[in-house]
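One structure below.
Here is the naming used below: chain letters follow the sequence lines, and residue numbers restart at 1 for every chain.
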Amino acid sequence: MSETENSTTTNFIRQIVEQDLKAGKNDGHVHTRFPPEPNGYLHIGHAKSIVLNFGIAKDYNGQCNLRFDDTNPHKENIEFVDSIQQDVRWLGYDWQDRLFYASNYFQQLHDFAVELIQAGKAYVCDLDGEQMRAYRGTLKEPGQESPYRSRSVEENLALFARMKAGDFADGERVLRAKIDMGSPNMNLRDPTLYRIRHGVIHHQTGEAWCIYPMYDYTHPVSDALEGITHSLCTLEFEDHRPLYEWVLDNISIPCHPQQIEFSRLNLEYTVLSKRKLTQLVDEGFVEGWDDPRMPTVAGMRRRGYSAASIREFCLRIGITKSDGLVEMGMLENCIREDLDAHAPRRMAVMHPLKVVIENYPQGQSESLTAPNHPKDEAMGERQIDFCREVYIDQADFREQANKKYKRLVTGGEVRLRNAYVIKCEEVMKNNQGEIVELRCSYDPETLGKNPQGRKVRGVVHWVSAQHGVKGEVRLYDRLFNQANADKVEEGGRFTDNLNPDSLRTLTDCYFEPALAEAGVGEQYQFEREGYFILDSRQAAREALVFNRIITLRDSWAKIDKAGG
RNA sequence: UGGGGCGUCGCCAAGCGGUAAGGCACUGGGUUUUGAUCCCAGCAUUCGUAGGUUCGAAUCCUGCCGCCCCAGCCA
């Protein structure tokens, strides 16, 4: 993390932390935590939370724990536990020896529950799910008290022990907090604290428990047990805060963390809910959690986004309580900024058009030197082979065009990037009238210098037909067609918004020889095309497969579209 | 009037009673062997809205409008 990240970042949460520090609260300590449930892969919304939590710990000399909120074994598994750790590390953060699981606290959670029962603040309820819903009331009407609410402490203790011992089936009993069925806050209408789950093997505790604590009960206790000072979560938990407080106020625990909520990230043209991402994976709309089109950390890594640019993005969007929809352009700018500075330049032709340079001797070739970066000399240079036959991109030739078209036209000149100026002498077509080859001449006096007395229209990239390496390129585009991908028509599904062209594969591409040695994780700029990275899943194969990370900014596209 | 939140430029976001930061996007112009990068310039007389308090209001008060969240034995 040596890059200069926005150090002036401030937000309302940091202000609270600073005030607390100034007031000497928590003995001057700051301790945060990132608490994912291992029921899916991390996405860029989690990255926002990670950057916030670990960033605050780092900037205020504090600590940040990684804690798995693993209270619902039904949806969780070890693959997710592993991927989350890998992704947090990849993003550049270190929890040192502070890796925890809510399940580490199952015994203590149980003991505190017994405390609540003894204090008459929790009871075992026999209502089933449907009945419970009916008793809960509605948003505008108060609920009714459960007929089991007034059980004696002794009976509750005995029943809870039997729940734990496995005497009851799933759903048969539940432990509830005794708070207020008439509360306007639904979360306070005697929320469930424990439920029964048989027949699932918890990835950490195996079959040791058949009762599992709910999030609302587990979270405050876990935070307090770990000495968390500031418990940061997203806005939808705002209504849960009174319950968070209630739990800590009613058990014998000295620590009392402060819960602070911020708005979750919404990004244009993608979805950021684990439920929907899971559907995309399970229903085969994408290759997997690490599909380069996914907004997951694993997907973005495979796509070629750097950890630094994702961090930068998270800092730029800020932390507030107002919900918004962030433009893709914001992310894309962060990606490009990083890539422009660090990616070595190369040449690749994706829609090849053969060019024969008639005045270049048959059988001859020469090695040209090209810088790896136009501004950063320290990045060195590489050799490129030039010969009589080269490929240029089909988009870089038009039989005729107006003055705005700065590429090759019949009878016109153009510079081959890092090489000579060529002139189009003749256009060869097949029986269908399609252009199949260009006959050109080159000016041997134009290597490293401009021709005298005439102006060359533009510069075009190329690859030697003899020396170039053939391979595949995968062009990725936005996953959804709608900026607000969550928004669906009546009766529709969010997958209706999927972009059918989010992946296009080009198999007839030519890469300059240096790219044959490309390694996993190395990002390149294919000049005039965009940024690319070797696909990490294809790397072991013979064929070269490059993923397009992102295009270059393209002001020509606008001009061309407007009619030149 | 169920409860809880949020409304500052197209997007994100500073601002915390003293007269609207910054970034992204966009629009001009310059440099350029990438139509990239870089550089320079422009881009909110106004802060959802209507009143009120004040010498002074995006900031304080009141009403109204709009949007988001909550009725899992999910997190």
Side-chain angles (χ1 to χ4, degrees), chain A residues 6 8 10-12 15 35-37 39 69-72 74-75 125 127-129 132-134 136-143 170-176 183-189 191-197 212 214-216 218-219 233-242 261 263 268 274-275 315-334 336-337 340-341 345 347 370 373-375 404-407 414-419 421 446 448-450 456 458-461 483 525-530 551-560:
Chain A
N6 184 1
T8 60
T10 184
N11 58 55
F12 79 98
Q15 286 180 6
E37 183 189 14
N39 65 345
D69 224 328
D70 57 346
T71 56
N72 186 4
H74 210 72
K75 296 157 65 183
C125 184
L127 257 25
D128 65 29
M132 237 171 132
R133 198 183 323 129
R136 188 153 34 230
T138 68
L139 291 176
K140 297 190 178 183
E141 299 155 29
D170 287 15
E172 216 178 311
R173 296 281 192 294
V174 97
L175 183 73
R176 292 226 256 169
S183 173
N185 183 342
M186 300 297 277
N187 296 299
L188 264 21
R189 321 246 261 229
T192 300
L193 264 24
Y194 268 91
R195 76 283 219 184
I196 299 168
R197 284 279 178 279
Y212 290 91
M214 300 288 289
Y215 164 87
D216 280 315
T218 308
H219 213 81
C233 62
T234 42
L235 245 31
E236 66 269 27
F237 294 104
E238 222 158 9
D239 285 346
H240 297 237
R241 195 185 334 129
E261 310 85 11
S263 63
E268 281 187 344
K274 261 195 225 172
R275 203 192 99 248
L315 292 173
R316 283 191 197 178
I317 55 175
I319 298 290
T320 66
K321 296 184 71 148
S322 61
D323 34 29
L325 181 62
V326 177
E327 288 180 346
M328 253 312 179
M330 193 82 97
L331 210 209
E332 291 175 341
N333 180 267
C334 296
R336 288 199 182 100
E337 207 169 271
D340 176 56
R345 264 98 249 231
M347 292 198 287
H373 192 102
K375 291 185 173 174
K404 282 185 180 166
Y405 187 77
K406 302 196 298 182
R407 309 181 188 186
V414 78
R415 172 174 296 279
L416 294 179
R417 175 76 165 155
N418 299 124
V421 169
T446 54
K449 53 181 186 253
N450 284 324
V456 181
V459 182
V460 139
H461 57 97
Q525 184 194 99
F526 291 177
E527 289 193 276
R528 303 210 312 128
E529 293 287 0
T551 62
L552 252 29
R553 184 179 276 109
D554 185 4
S555 56
W556 162 245
K558 288 173 202 162
I559 300 168
D560 193 32

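- The side chain of A:Lys140 lies closest to B:G2, out of B:G3, B:C74, B:G2.
- For A:Glu332, the side chain to side chain contact (heavy atoms under 4.5 Å, CB included) partners two or more places apart in sequence, or in a different chain, are A:Met328, A:Arg336, A:Ile550.
- For A:Gln525 against B:U34, a side-chain-to-base donor-acceptor contact under 3.5 Å is present.
- Among the protein residues, A:Met214 comes within range of the sugar-phosphate backbone only, with heavy atoms under 4.0 Å from sugar or phosphate atoms but none that close to a base.
- Dashed line: the shortest gap from a side-chain N or O of A:Arg195 to OP1 or OP2 of B:G72 is not under 4.0 Å.
- With hydrogens and angles ignored, no donor-acceptor pair under 3.5 angstrom links the side chain of A:Asp554 to the base of B:G35.
- Across all strands, A:Asn418 comes closer than 4.0 Å to base atoms (heavy-atom distances).
- Atom-to-atom, CG of A:Leu235 to P of B:C68 comes out at 13 Å; the value is rounded to the nearest Å.
- In this structure, the nucleotide among B:U27, B:U34, B:C38 sitting nearest to the side chain of A:Lys558 is B:U27.
- Rounded to whole angstrom, the span from the CD atom of A:Glu238 across to the P atom of B:G4 amounts to 11 Å.
- Residue A:His74 is out of contact with every strand shown, counting any heavy-atom pair closer than 4.0 Å.
- Both geometric conditions, a ring-centre gap below 5.5 Å and a plane tilt below 30°, are fulfilled for A:Trp556 over the base of B:G35.
- Distance noted for atom P between B:U53 and B:A14: 31 Å (whole Å).
- Proximity of A:Asn11 to the phosphate of B:A14: no side-chain N or O atom is located under 4.0 Å from OP1 or OP2.
- A:Arg407 contributes a side-chain N or O that forms a donor-acceptor pair with the base of B:G35 under 3.5 Å.
- Counting any heavy atom pair closer than 4.0 Å across all strands shown, A:Gly448 reaches a base atom.
- Between the CZ atom of A:Arg176 and the C1' atom of B:C73 there is a distance of 10 Å, given to the nearest Å.
- Atom-to-atom, CD of A:Glu337 to C1' of B:G22 comes out at 14 Å; the value is rounded to the nearest Å.
- Side-chain proximity of A:Leu552 to the nucleotides B:U34, B:C69, B:A71 is greatest for B:U34.
- Per the geometry, CG belonging to A:Asp128 stands 14 Å off C1' belonging to B:G72, to the nearest Å.
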Annotated protein contacts, base or backbone, on nucleotides 7-13 of chain B with a non-hydrogen cut-off under 4.0 Å, one of B, S, - each: ---BBSS
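- No N or O donor and acceptor, one from the side chain of A:Arg528 and one from the base of B:U34, sit under 3.5 Å apart.
- Using a 4.0 Å heavy-atom cutoff across all strands shown, A:Gly129 reaches at least one base atom of the nucleic acid.
- Within 4.0 Å (heavy atoms only), A:Asn450 reaches no atom of the nucleic acid at all.
- Of the candidates B:A71, B:C73, B:A75, B:A75 carries the atom nearest the A:Phe237 side chain, counting heavy atoms from C-beta on.
- A distance of about 32 Å separates the P atoms of B:C65 and B:C55, rounded to the whole Å.
- Across the protein-nucleic acid pair, A:Arg133 atom CZ and B:C70 atom P stand 16 Å apart, rounded to whole Å.
- Annotated as anti: B:G30, whose O4'-C1'-N torsion sits more than 90° from 0.
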